[in-house]
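Following: one structure in structure tokens, then a few remarks.
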2 protein chains.
Amino acid sequence: MATVSRVVNNNPNVKPQTRKKVFEAIERLGYRPNAVARGLASKKTTTVGVVIPDISNSIFAEIARGIEDIANMYHYNIILCNADKRKEKEIRVINTLLEKQVDGLLFMGGTVTEEHIQAFQTSAVPIVLCATRDEKGTYPSVDIDHETAALDAVNTLIRHGHREIAMISGTLQDPANGYARFQGYKRALEAAGIEYQEDLVRIGNYRYESGVEAMKYFLGLKKKPTAIFAATDEMAIGAIHSIQDEGLKVPDDFSIISVDNIRMASMVRPLLTTVAQPMYDLGAVAMRLLTKLMKKETVENARVILPHETILRLSVNHVNK
Amino acid sequence: MATVSRVVNNNPNVKPQTRKKVFEAIERLGYRPNAVARGLASKKTTTVGVVIPDISNSIFAEIARGIEDIANMYHYNIILCNADKRKEKEIRVINTLLEKQVDGLLFMGGTVTEEHIQAFQTSAVPIVLCATRDEKGTYPSVDIDHETAALDAVNTLIRHGHREIAMISGTLQDPANGYARFQGYKRALEAAGIEYQEDLVRIGNYRYESGVEAMKYFLGLKKKPTAIFAATDEMAIGAIHSIQDEGLKVPDDFSIISVDNIRMASMVRPLLTTVAQPMYDLGAVAMRLLTKLMKKETVENARVILPHETILRLSVNHVNK
DNA sequence: GAGCTACATCGTAAATGGTTACCGTCAAAT
DNA sequence: ATTTGACGGTAACCATTTACGATGTAGCTC
């Protein structure tokens, strides 16, 4: 038994001739190692748990792809759990993942509350946060700087001469995509000496339809904005279509910019100008970080902020005087 | 030990008072059952393996969501493996999934070859094919009728008076999205007494850009088609933009129809007319089927074809004489 | 050439953390 | 007093890893 184990695990302490015999027996008997028994004996499962808000959301799907590629590269498998940003469900899946003895945990999306921390602490497996962070900054995380990304977006509008800039925001309860991006918007206005006007901000739910609705509202204003900053590409595309459906034009009548750079941003007319967040890399870097933690390597910087980049395409123009 | 096991597994043969004491001890000691040990002893892991071509593809992501929801409902977890339709990688992940003692296997996307069958047969766990099937029909599967879906699409073009109908196809090596949809196109033409013309068919790779390219080709023809059937929505949207970029209009100058009904189909102008395949349901039904198989329930029909539905939106019009 | 050492190789058995078949005990019912 | 069923404990079992020990062999010394 021990020798077979050594052969299967490539332990050098076995004579080549014996190794060959073992391989032959394996072949002849159709033996397949049992990873569950192995996991019990070795206390390692080469499996990591991933909790994700919604795999059918293209942003998370892209991140998940990055996670899976790197996991695969280091011979880990992924147990995937949707949690829909519902705290109760998040806690539940964290616990079942821990029961399954995952070697590490990747937590994406949702807000990290005290209850999450407690659940994390019931176990010693390394945990990294992806596309989110905890308030206190005690856990390793990989994210972008949402506030600065939003600031950059609004600044390119300002550089194009716009001063009547509306925002389609997410809910301010959401720390990253909601609150931080909204803060970026406010800071940009402030830095440019533009007064913040409450009725130039609408709250959406990140989806296309809410972009359409919000834009309808702006189109109904007596004093219309000349540019719109949307917190997500999807809402921006909704806004574009809302404008076009009224017979108006982007960017001639309104400039539009947003944050994300989903694939669809280069599949609309006009091509959407947006601040790109490196989705695949968010997942890949988070997973890479987790592999280091699982191997107990020391990591220099466990709170990484990935750079964003403004992609100038065709939905932003200089303001018409 | 046995009593604790009974309590944890809700076995009725334990006095309420004892049960309570066990629960208290569990609470006090912070005991968490070890699913790996449990899996070894019980020979069940409550985990199913899912091999998927590419989770960042919105179609598969949507299917995966259906799979995960139903799995969750039946208290199974999902080990997710991307395989990119690469046979060698598919075989590899099937084997590692089997090593991990999954209780069932869901195979999506790629062609099912003799080698796949061989890999499947090395194990006794139930297997269901999702969004694909095997030639011989020996494995349970859930899919749509791609050929009829394509036929329906082309028929709605024909009903709108079109007779010069081009197709942007996938590669004919691909049995479902490629070959079957192409066959549907040919059958529809034949039934309407329209001659099949080779130069009205271009092969794309299912993606937006290849739709753009194919349409450019059609626009360069001296005798242009009046309608285009694209094998996927993405290519259809590419075609639409290709047309619009030339200053022409959909559906005034060209009618466009395709198959899939991805979210983006209702996020373009004009709204895309398409034959919807029920992606979420494909995953959900496949997973439900697998749960039955894993519980050794007898299933009446193990080869299910889900219905498709033509969604009339705005990209198809009556032909201009 | 005998004896010893060191090392490579391989086998033994404990350990991993549960499940479950089986058996004994005890109290209630007959 | 006997039977019965609920309850709970004992121990085998699951398939591996791994610490440890046994064996054998080569090389060295004397």
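A, B, ... follow the sequence lines: proteins, then strands. Residue 1 opens every chain.
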Sorted by position of nearest nucleotide on DNA chain C, 5' first, the leading residue of Pro16(A) and Val8(B) is Pro16(A)
Regarding Arg32(B), tell me which of base, sugar-phosphate or nothing describes its non-hydrogen contacts under 4.0 Å with the strands shown. sugar-phosphate
Starting at atom NZ of Lys15(A), determine the distance to atom P of dG11(C), rounded to an integer number of angstrom. 10 Å
What are the two closest non-hydrogen atoms of Pro53(A) and Lys85(A), and how far apart are they? CB-CG, 3.8 Å
Compare side-chain N and O positions of Asn9(B) against OP1 and OP2 of dT19(C) and report whether any pair is under 4.0 Å apart. yes
Atom-to-atom span, CG of Asn11(B) to C1' of dT19(C) - whole angstrom: 11 Å
Take atom CD of Gln17(A) and atom P of dT25(D), then tell me their distance rounded to the nearest Å. 12 Å
According to a strict under-4.0 Å criterion, is Thr18(B) in side-chain N/O contact with OP1 or OP2 of dC7(D)? no
Output yes when at least one side-chain N/O atom of Lys43(A) is less than 4.0 Å from OP1 or OP2 of dA15(C), else no. no
Is the shortest side-chain N/O distance from Ser5(B) to OP1 or OP2 of dG18(C) below 4.0 Å? no
Does a side-chain N-to-carboxylate-O contact under 4.0 Å join Arg303(A) and Asp134(A)? yes
Under 4.0 Å from OP1 or OP2 of dA15(D): is there any side-chain N or O of Arg38(A) that close? no
Within a strict 4.5 Å, meaning less than it, do heavy atoms of the Val299(B) and Leu293(B) side chains meet? yes
Between the base of dG11(C) and the side chain of Arg6(A), is there a donor-acceptor distance below 3.5 Å? yes
With the side chain of Met1(B) defined as its heavy atoms from C-beta on, choose the nearest nucleotide among dG17(C), dT17(D), dT19(C). dT19(C)
Rounded distance (Å) that lies between atom C1' of dT20(C) and atom CG of Asn10(B): 17 Å
Which residue, Ala41(B) or Asn13(B), contacts DNA chain D at a nucleotide closer to its 5' end, judged by nearest heavy atom? Asn13(B)
Ser42(A) vs dT16(D): side-chain N/O to OP1/OP2 distance below 4.0 Å: no
Any idea which of dT16(D), dG17(C), dA19(D) is nearest the Ala2(A) side chain? dA19(D)
Using atom types as modelled and distance alone, determine if a side-chain donor or acceptor of Lys100(A) lies under 3.5 Å from a backbone N or O of Thr45(B). yes
Minimal non-hydrogen separation, Thr132(B) against Ser141(B), with atom names: O-CB, 3.6 Å
When the distance from CZ of Arg19(A) to C1' of dT9(C) is rounded to whole Å, what number comes out? 12 Å
Could you state the atom-to-atom distance from NZ of Lys21(A) to P of dG11(C) in whole Å? 9 Å
Which one, dG11(C), dG17(C), dT16(D), comes nearest to the side chain of Leu40(A)? dG17(C)
